[in-house]
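Heads up: the structure comes next, in structure tokens.
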There are 2 protein chains.
Amino acid sequence: MLYPAESRIMLAIDCCIFGFDGENLKILLIKRNFNPEKGNWSLMGGFLRADEDLNAGAQRILHELTGLNNVYMEQLYTFGNIDRDPVERTVSICFFALINIHEHDHELAKSQNGYWFTLGKIPPLIFDHETIVAKALSQIQYKAALHPIGFELLPERFSIPQLQNLYEAIYGFALDRRNFRRKILSTGLLLDTGEKNENSSTKKAVLYKLDQAKYEKQFNAFHYFMSMK
Amino acid sequence: MLYPAESRIMLAIDCCIFGFDGENLKILLIKRNFNPEKGNWSLMGGFLRADEDLNAGAQRILHELTGLNNVYMEQLYTFGNIDRDPVERTVSICFFALINIHEHDHELAKSQNGYWFTLGKIPPLIFDHETIVAKALSQIQYKAALHPIGFELLPERFSIPQLQNLYEAIYGFALDRRNFRRKILSTGLLLDTGEKNENSSTKKAVLYKLDQAKYEKQFNAFHYFMSMK
DNA sequence: TCAAAAGTGTTCAAGCTACACCCATGA
DNA sequence: TCATGGGTGTAGCTTGAACACTTTTGA
């Protein structure tokens, strides 16, 4: 038994891949060397295969461009307006990924025509991809305000000023150093590695790493309206 | 030009429809009188039509069961594991809707075999629908903790104790009356109608209504980690 | 020794928690 | 007049916001 045929629709997966270079929040886009819209910029994407789950498809597409596996990735939203793809109706299940920008396979990305763009300096994109990017950014801003996802964009060992730069890049405004530090340390998620950031040419900042156990346990913890017990 | 055929997949839309009867949070399920899984319980759903946007499809499906239009509804998540539907691979774009349980078309719901179940007393559901319901509930708990969505489940005029009952039903534990009232009133979202709840057989509670302008303006306002300017 | 970034403490205001008594209503 | 649920105020504590000076480092 099968369902009636008329409802079968093209299913795409698109990925908003974010990275942080220490100063700006960036997104990885590709210049298409294939049709449709050859020569124009788009998110990395592809069609869902018949034999793969949604997350597997998203990880595959991310891997094809970055060489990375086991990356932080979340389903963002499904876009499906009837005319969003002029070739044929295509519903796109969109994900966003947070990667350590220094760890991905630069050669691979280059071979796929992948380039990093700073948010706010993004070229025109095909289809509704600008809408998707806007939604992804707003989701990251939302989620990072409540949950410790920022660490996914940093190296394993990082300083508190690095983390603060990241937050400032995500939200686009400056934060108070003393309050930021107190807030972050009060979560208890950071472990002092005893090492210092040797790259600095001024005072070297202490490097921390995530307390993985606490991170996983506390990840979803959080409440606000709720604390009115 | 069209895309290659192999990626066309069945696309369903499923709706978690929530209501509140004054005491319990409830969900509207249907006893299927059609195949597959005839005689078993499921969410209300249907296939996406070639000529409708996703939201339109969701509103159509909601309308078919409740007779309602212009209901609060959000895209929840897209479920697409390859074996989630034994008939044929089907990706389901899921929505949740919050309705005023007293306003829907009871006859229509009945004619579609729709019945309300209290959360926690839900029968076994087909496919992965139990997962979907769990995700929807968790999303409502999450969102209601941060944004004023609870009002969507109440009549236009409602008392603060009614609202408190709703919150207690959503989270499953009791709240302090005085603190709850102060918190809710401090949002400035409520307007005193001057009327009282005539249904009560004890002291009649004052009825409020939403300040629509403020509601729309403040809906997305909210921050937590963020308030560390 | 200077410039640049890291690190540290305190004070004030606002908001949250906990908690007990009186009021209105209908039976 | 009693039982039920609605309505109110305060004190203590926690948390967030604002803010300035000292330390480390390499040029």
Side-chain angles (χ1 to χ4, degrees), chain A residues 21-23 144-146 154-155 157-169 171 173-209 218 221-229, chain B residues 21-24 144-146 148 154-155 157-169 171 173-209 218 221-229:
Chain A
D21 66 0
E23 194 170 349
L146 302 170
L154 294 175
R157 284 147 197 259
F158 54 88
S159 68
I160 289 182
Q162 279 178 311
L163 186 61
Q164 180 172 346
N165 285 342
L166 170 59
Y167 271 79
E168 293 179 339
Y171 295 105
F173 55 80
L175 302 171
D176 181 89
R177 281 211 318 284
R178 292 154 289 195
N179 293 337
F180 182 82
R181 171 182 299 270
R182 186 178 321 110
K183 182 123 204 167
I184 292 295
L185 289 177
S186 78
T187 63
L189 290 172
L190 298 198
L191 297 173
D192 187 334
T193 64
E195 297 168 48
K196 298 200 165 180
N197 182 357
E198 296 298 332
N199 296 326
S200 170
S201 74
T202 63
K203 183 169 179 176
K204 292 167 172 34
V206 172
L207 294 176
Y208 293 83
K209 63 177 180 181
Q218 291 186 23
F222 165 74
H223 309 284
Y224 182 68
F225 262 164
M226 277 308 303
S227 51
M228 52 180 176
K229 173 78 181 280
Chain B
D21 65 2
E23 195 170 348
N24 292 302
L146 302 170
L154 293 175
R157 283 147 199 259
F158 55 88
S159 68
I160 290 182
Q162 279 178 311
L163 186 61
Q164 181 172 346
N165 286 342
L166 170 60
Y167 270 79
E168 292 180 340
Y171 294 104
F173 55 79
L175 302 170
D176 181 88
R177 282 212 317 286
R178 293 154 288 195
N179 294 337
F180 182 82
R181 170 181 301 269
R182 186 176 327 125
K183 181 120 201 169
I184 293 296
L185 289 177
S186 77
T187 64
L189 290 173
L190 297 197
L191 297 173
D192 187 334
T193 64
E195 296 168 49
K196 298 201 166 180
N197 183 356
E198 296 298 331
N199 295 327
S200 171
S201 74
T202 63
K203 182 170 180 177
K204 293 166 171 33
V206 171
L207 294 176
Y208 293 84
K209 63 177 180 180
Q218 291 186 23
F222 163 74
H223 309 282
Y224 181 68
F225 261 166
M226 275 310 303
S227 51
M228 52 180 176
K229 173 81 182 274

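Letters A, B, ... mirror the listed sequences (proteins, then strands); counts begin at 1.
- In terms of heavy-atom proximity, A/K203 sits nearest to A/S200 at O-OG, 3.3 Å.
- Atom CG in A/L190 sits about 12 Å away from atom P in C/dG7, given to the nearest Å.
- Between atom CG of residue B/L207 and atom CD1 of residue B/I160 there is a gap of 10.5 Å, rounded to the nearest 0.5 Å.
- Contact annotation: A/K183 reaches the phosphate of D/dG16 (side-chain N/O to OP1 or OP2, under 4.0 Å).
- Between the CD1 atom of B/I160 and the P atom of D/dG5 there is a distance of 18 Å, rounded to whole Å.
- With a 6.0 Å radius and a threshold of 12 heavy atoms from other residues, nucleotides or ligands, A/E23 has its CD atom at or below the threshold.
- Rounded to whole Å, the distance from CD on B/Q164 to P on D/dG6 is 9 Å.
- Rounding to whole angstrom units, CG of residue B/N199 and C1' of D/dG6 are separated by 15 Å.
- In this structure, the side chain of B/Y208 does not engage the main chain of B/L185 through any donor-acceptor pair within 3.5 Å.
- Checked by atom type and distance alone, the side chain of B/T193 never pairs as donor or acceptor with a backbone atom of B/K209 at under 3.5 Å.
- Listed nucleotides: D/dG7, D/dT25, C/dT25. Nearest to the side chain of B/K204: C/dT25.
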Polar atom pairs between nucleotides 19-21 of chain D and protein, under 3.5 Å, N or O only, would you list them?
{"residue": "D/dC19", "atom": "N4", "partner": "A/R178", "partner atom": "NE", "Å": "3.3"}
{"residue": "D/dA20", "atom": "N7", "partner": "A/R178", "partner atom": "NH1", "Å": "3.2"}
{"residue": "D/dA20", "atom": "N6", "partner": "A/R178", "partner atom": "NE", "Å": "3.4"}
{"residue": "D/dA20", "atom": "N6", "partner": "A/R178", "partner atom": "NH1", "Å": "3.0"}

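- With rounding to the nearest 0.5 Å, the separation of CZ in A/R182 from CG in A/D176 is 8.0 Å.
- Rounded to whole Å, atom P of C/dG7 lies 14 Å from atom CD1 of A/I184.
- Nucleotide C/dT8 holds its P atom 7 Å from the NZ atom of A/K203, rounded to whole Å.
- Taking only side-chain atoms of A/R181, from C-beta outward, the nucleotide of C/dT25, D/dG16, C/dG7 with the closest atom is C/dG7.
- Map B/Q162 and A/S186 each onto its nearest nucleotide of DNA chain D; the residue landing nearer the 5' end is B/Q162.
- Rounded to whole angstrom, the span from the CZ atom of B/F180 across to the P atom of C/dG15 amounts to 18 Å.
- Of the possible polar contacts, none joining the B/Q164 side chain to the B/R181 backbone as a donor-acceptor pair under 3.5 Å is found.
- For B/K196 and C/dG26, the NZ to P distance is 11 Å, given to the nearest whole Å.
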